[in-house]
Trainee: 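For reference, the structure I am asking about is given below.
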Amino acid sequence: MDPIIILHAGIASGTVLLFATIGEIFTERSGILNLGLEGMMLIGAMSAYKTALATGNPWLGVFVAMLAAGLLSQVHAIITIQLQADQVVSGLALTFLGTGLSLVFGEGLSKAGAVALLPSFSIPGLVSIPFLGPIMFEDQSVMVYLGYLLVPLAWYYINRTRPGLHLRAIGEYPAAADALGINVNRLRYFYVLVGGMLAGVAGATISLAVSPGWFSHLTTSGQGWIAIGLVIFAQWDPIRAAGGSYAFGALRRMILDIQGPMKIFGLRNPFYYNPYWGFFLQMLPYAFTIVVLVIGSREAIRKRMGSPAALGLPYIRGERGL
Amino acid sequence: MTTKPSLFAQYRGGARFRLRMEPRMKQPGWLGLIVSLGAVTFALVLGGIVLMLVGGDPFRAYAFMAKAAFGDIGVFSDTLVKATPLILVSLAAVVAFRMRLWNIGAEGQFYLGAFGASLVVLTPILPPETSPWLMIPAMMIMGMLAGALWGFIPGYLKAKYNVNEIISTLMMNYIAVAWNNYFIFDVWSEGGFQMSRQFPKTAWLPRLTDYSAQVPMFRGLTIHLGFVIALIAAGVVWWIMYRSRWGYEIRLIGDNPRAARYAGINIVRNTILVMMLSGALAGLGGMLEISGVVHRLQGAISSGYGFTGIIIAWLAKLNPILVVPISILFGGLLLAGREIQPSGIPMLIQGIILVCLIGSDFLLRNRIRLVQIGQEA
């Protein structure tokens, strides 16, 4: 129950949620709700692991994961943008499809053995910052550091650049964006792809860095859905997404650690004496997601802000929207 | 009528043609059926291609599945046993989806229903020698109550705090599984095994095979009373949706929430009630499964029924009566799928079917025509 260890491991495990959440923020900001995160992450985790196993190159694994999850995301894009189908149902279908595909192509992979993982290292200099150094910059996976970079970049892109302005426009008021000569649907395809590829990276981060291996559908164990909850909590803001993701990562780690010692805070540890109480600890991330959703929704009502206005609606030129 | 810009332009025999889409003003009644059948066929072809990619023989696999599910009266009875929980979770999806409430939590409500029914037998609330005439209805009621409670929580959060029900119901699934596991591993564990002790016979739903002494034909037929209860539930849901005032309100909210609000319909109350009805139906499914099939509380009583129910509900176009035959087909798919390797195949085929199905809705709303360029009106 060392807080440094919990936070250190929490950041690593939160990085998975971070990639998935920021990817979904891009997709939802463009007006497309993609509930298929879980399926895309599974495809990413499976294909990354399989590729790394076959070639011995984990980076190639990450690349293939982005490709596979990106490809899967385009199924959702075609169905919701071109064929204007319901985005909720299509996202669910994508989850089934991704889960099914990764189970079929990942058959036997769980017994595959050791694989080359993504490298871990410390950042010289930064590691000697008191408290934060050992947590953030000591012996973390390269994906964790990429996550640190992604957060400010994503925020800057969305809020301070011209393409980011276009992204927000097509999600808030596509008809106005269209009138300005922005190709709404082409951009939406693009941002669904971005979301898919980042979900693929999230999957690869699980299977090649954070908790290496392929454990069929348990590999993600609902993290794709937690990420979708985090998007709402984050109010579609990458910086808040980072806070939420790392907090959830730390929570997941704490649940593992809390069952270890015989005493916590000088008291008898009930989770040590009855390991089955651990099932209640297992519920915590999911219960917390619901709590986080309540907080996010109440705040949205209070501040009178909320999801991108056109989220979930197909854009059909000439039809009165909004 | 407005026409939309063309999707593709192409040459055909010298003359230039393009595909043009026009919104349909009205749909002929037969079109829905044709398009759905077409989509499912297309999905099976795609599934076959994937099967080939992983080194299987799709024709043999499909033929095997058809035989393993519908080949003779014995396996058909097993198929109906599989269809029973599917009918109930699909009905759960139908009532919620009709109001555009995305209850993805039928899986968890199913588990809680099994738990609620087990409470009656294992606490025990009723002693084992209780007459089945009291035991079974008590289990049904407790199963439905527990499922309804599991639906109430996300329903309340949706109605009061506008919490996205897709995510909350999904999270409730994971919580339900962990909850049941605690009872299976610890409280009700039988001799350290991850299951409860077997229920007394008074808590078993009667099966046809139980009467094989009187009717020899019934020997080995595992179909149980739960199938009949599921059929009744389908009829009741149909009556609620299309013959009652409540169903009218549900459909109106689903079609046009603004109009419903102006008409004075209480959306908050209906959101909570529909989620509870949906949960109760799924919970009843869980109760029927443990009382009719496994006869004890254990893990893995559902192989993703809650999710299959979503596909069935969509395939049935949210029609409670159509849910029954489609559930039987999917029951066959699940039954036969157990013996197909790799194990992800049934899940994959379900996913492909759902993708094709929702994609094909486009053909219902739009007409696609080949027009010669220059000849356009």
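Since we're looking at a predicted model, the values are computed, not measured.
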Trainee: Quick check on B:Ile352 against chain A: is it the side chain, the backbone, both or neither that has a heavy atom closer than 4.5 Å?
Mentor: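 Backbone plus side chain of B:Ile352, per the 4.5 Å heavy-atom cut-off to chain A.
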Trainee: Look at A:Gly39, A:Gly106, A:Ser221 and state which one has the largest set of heavy-atom pairs under 4.5 Å with chain B.
Mentor: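 Winner by heavy-atom pair count: A:Ser221.
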Trainee: If we define contacts as heavy-atom pairs under 4.5 Å, which of B:Lys160, B:Met347, B:Met171, B:Gln350 has the most with chain A?
Mentor: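 Option with the greatest count: B:Met171.
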Trainee: If I measure from the heavy atoms of chain B, does A:Ile79 come under 4.5 Å with its side chain, its backbone, both, or neither?
Mentor: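 The side chain, not the backbone.
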Trainee: Should the pair A:Phe280 and A:Trp277 be assigned to parallel (<30°), tilted (30 to 60°) or perpendicular (>60°) ring geometry?
Mentor: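 Perpendicular: the ring planes of A:Phe280 and A:Trp277 meet at over 60°.
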Trainee: Counting heavy-atom pairs under 4.5 Å to chain B, which of A:Leu94, A:Val75, A:Leu92 comes out on top?
Mentor: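 Ranked by contacts with chain B, first place is A:Leu92.
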Trainee: Determine whether A:Arg29 and A:Glu24 satisfy the following criterion, salt bridge (Lys or Arg N to Asp or Glu O under 4.0 Å), listing intermediate values before the conclusion.
Mentor: CA-CA 8 Å; A:Arg29 278 283 178 127; A:Glu24 181 71 12; over 6 Å; no
Trainee: Do the rings of B:Trp314 and B:Phe97 sit parallel, tilted or perpendicular, given the 30° and 60° boundaries?
Mentor: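 Ring orientation, 0 to 90° scale: perpendicular.
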Trainee: Could you check whether atom CZ of B:Phe183 has more than 12 heavy atoms from other residues, nucleotides or ligands sitting under 6.0 Å from it?
Mentor: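 Count over threshold, so yes.
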Trainee: Please identify, among A:Arg298, A:Gln282, A:His76, A:Met283, the residue contributing the most non-hydrogen atom pairs under 4.5 Å to chain B.
Mentor: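 Counting heavy-atom pairs under 4.5 Å, the top option is A:Met283.
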Trainee: Which region of B:Ile104, side chain (C-beta onward) or backbone (N, CA, C, O), has a non-hydrogen atom less than 4.5 Å from a non-hydrogen atom of chain A, or is it both or neither?
Mentor: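 Only the side chain of B:Ile104 comes within 4.5 Å of chain A.
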Trainee: Among B:Leu363, B:Val50, B:Ile311, B:Asp361, who wins on heavy-atom pairs under 4.5 Å with chain A?
Mentor: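 Answer, by heavy-atom pair count under 4.5 Å with chain A: B:Ile311.
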Trainee: Using the six-membered ring wherever Trp is involved, compare the ring planes of B:Tyr161 and B:Tyr156 and label them parallel, tilted or perpendicular (cut-offs 30° and 60°).
Mentor: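 The rings of B:Tyr161 and B:Tyr156 stand perpendicular, inter-plane angle above 60°.
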Trainee: For A:Thr289, is it the side chain, the backbone, both or neither that has a heavy atom under 4.5 Å from a heavy atom of chain B?
Mentor: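 The answer is the side chain of A:Thr289.
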Trainee: So which atom in A:Ala202 and which in A:Ala20 form the shortest heavy-atom distance, rounded to 0.1 Å?
Mentor: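 Smallest heavy-atom distance, with atoms named: CB-N, 3.8 Å.
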Trainee: Where does A:Thr80 contact chain B at under 4.5 Å (heavy atoms): side chain, backbone, both or neither?
Mentor: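 Neither the backbone nor the side chain of A:Thr80 comes within 4.5 Å of chain B.
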Trainee: Top residue by heavy-atom pair count (under 4.5 Å) with chain B, among A:Leu101, A:Thr99, A:Leu103?
Mentor: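 Ranked by contacts with chain B, first place is A:Leu101.
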Trainee: Given that the side chain runs from C-beta out, which part of A:Val88 has a heavy atom under 4.5 Å from chain B: side chain, backbone, both or neither?
Mentor: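 A:Val88 touches chain B through side-chain heavy atoms alone.
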Trainee: Taking every non-hydrogen pair under 4.5 Å, which of B:Val177, B:Val54, B:Leu170 racks up the most with chain A?
Mentor: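 With the most close heavy-atom pairs to chain A, the winner is B:Leu170.
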Trainee: Determine, step by step, whether A:Phe279 and B:Tyr182 satisfy the ring-ring contact (aromatic ring centres under 6.0 Å, His included) criterion, reporting the C-alpha distance in whole Å, the side-chain angles of both residues, the deciding distance to 0.1 Å, and the verdict.
Mentor: CA-CA 6 Å; A:Phe279 286 118; B:Tyr182 171 66; 7.1 Å; no
Trainee: Would you mind telling me which of B:Ile166, B:Leu354, B:Leu348 has the largest number of heavy-atom pairs within less than 4.5 Å of chain A?
Mentor: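 Ranked by contacts with chain A, first place is B:Leu348.
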Trainee: So for B:Leu157, is it side chain, backbone, both, or neither that comes closer than 4.5 Å to the heavy atoms of chain A?
Mentor: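 Answer is side chain: those atoms of B:Leu157 sit under 4.5 Å from chain A.
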Trainee: Which atom pair, heavy atoms only, marks the closest approach of B:Ala61 to B:Leu51?
Mentor: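 Closest pair (atom of B:Ala61, atom of B:Leu51, distance): CB-CD1, 3.8 Å.
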Trainee: Given the ring of A:Tyr315, does A:Arg188 sit roughly above its face, with NZ or CZ under 6.0 Å from the centre of the six-membered ring and within 45° of the axis?
Mentor: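 That pair does not qualify as a cation-pi contact.
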Trainee: Given that the side chain runs from C-beta out, which part of B:Ile310 has a heavy atom under 4.5 Å from chain A: side chain, backbone, both or neither?
Mentor: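 Side chain only.
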Trainee: For the candidates B:Val355, B:Asn162, B:Asn173, which exhibits the highest count of non-hydrogen atom pairs separated by less than 4.5 Å from chain A?
Mentor: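 Most pairs with chain A among the choices: B:Val355.
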Trainee: How about CZ on A:Phe288, more than 12 heavy atoms from neighbouring residues, nucleotides or ligands closer than 6.0 Å, or not?
Mentor: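 Counting neighbours around CZ of A:Phe288, 12 or fewer heavy atoms of other residues, nucleotides or ligands fall under 6.0 Å, so no.
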Trainee: Under 4.5 Å heavy-atom distance to chain B, tell me which part of A:Leu284 shows up: side chain, backbone, both or neither.
Mentor: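 No part of it gets close to chain B.
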Trainee: Take the angle between the ring planes of B:Phe115 and B:Trp179 and call it parallel below 30°, perpendicular above 60°, tilted in between.
Mentor: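 B:Phe115 vs B:Trp179 ring planes: perpendicular.
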Trainee: Most heavy-atom pairs under 4.5 angstrom with chain A, which of B:Ser189, B:Ser168, B:Pro346?
Mentor: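 Highest number of pairs under 4.5 Å: B:Ser168.
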Trainee: Quick check on A:Leu293 against chain B: is it the side chain, the backbone, both or neither that has a heavy atom closer than 4.5 Å?
Mentor: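 Both the backbone and the side chain of A:Leu293 come within 4.5 Å of chain B.
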Trainee: Should B:Glu165 and B:Arg100 count as an ion pair when the cut-off is N to O under 4.0 Å?
Mentor: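 The answer is no: the pair does not qualify as a salt bridge.
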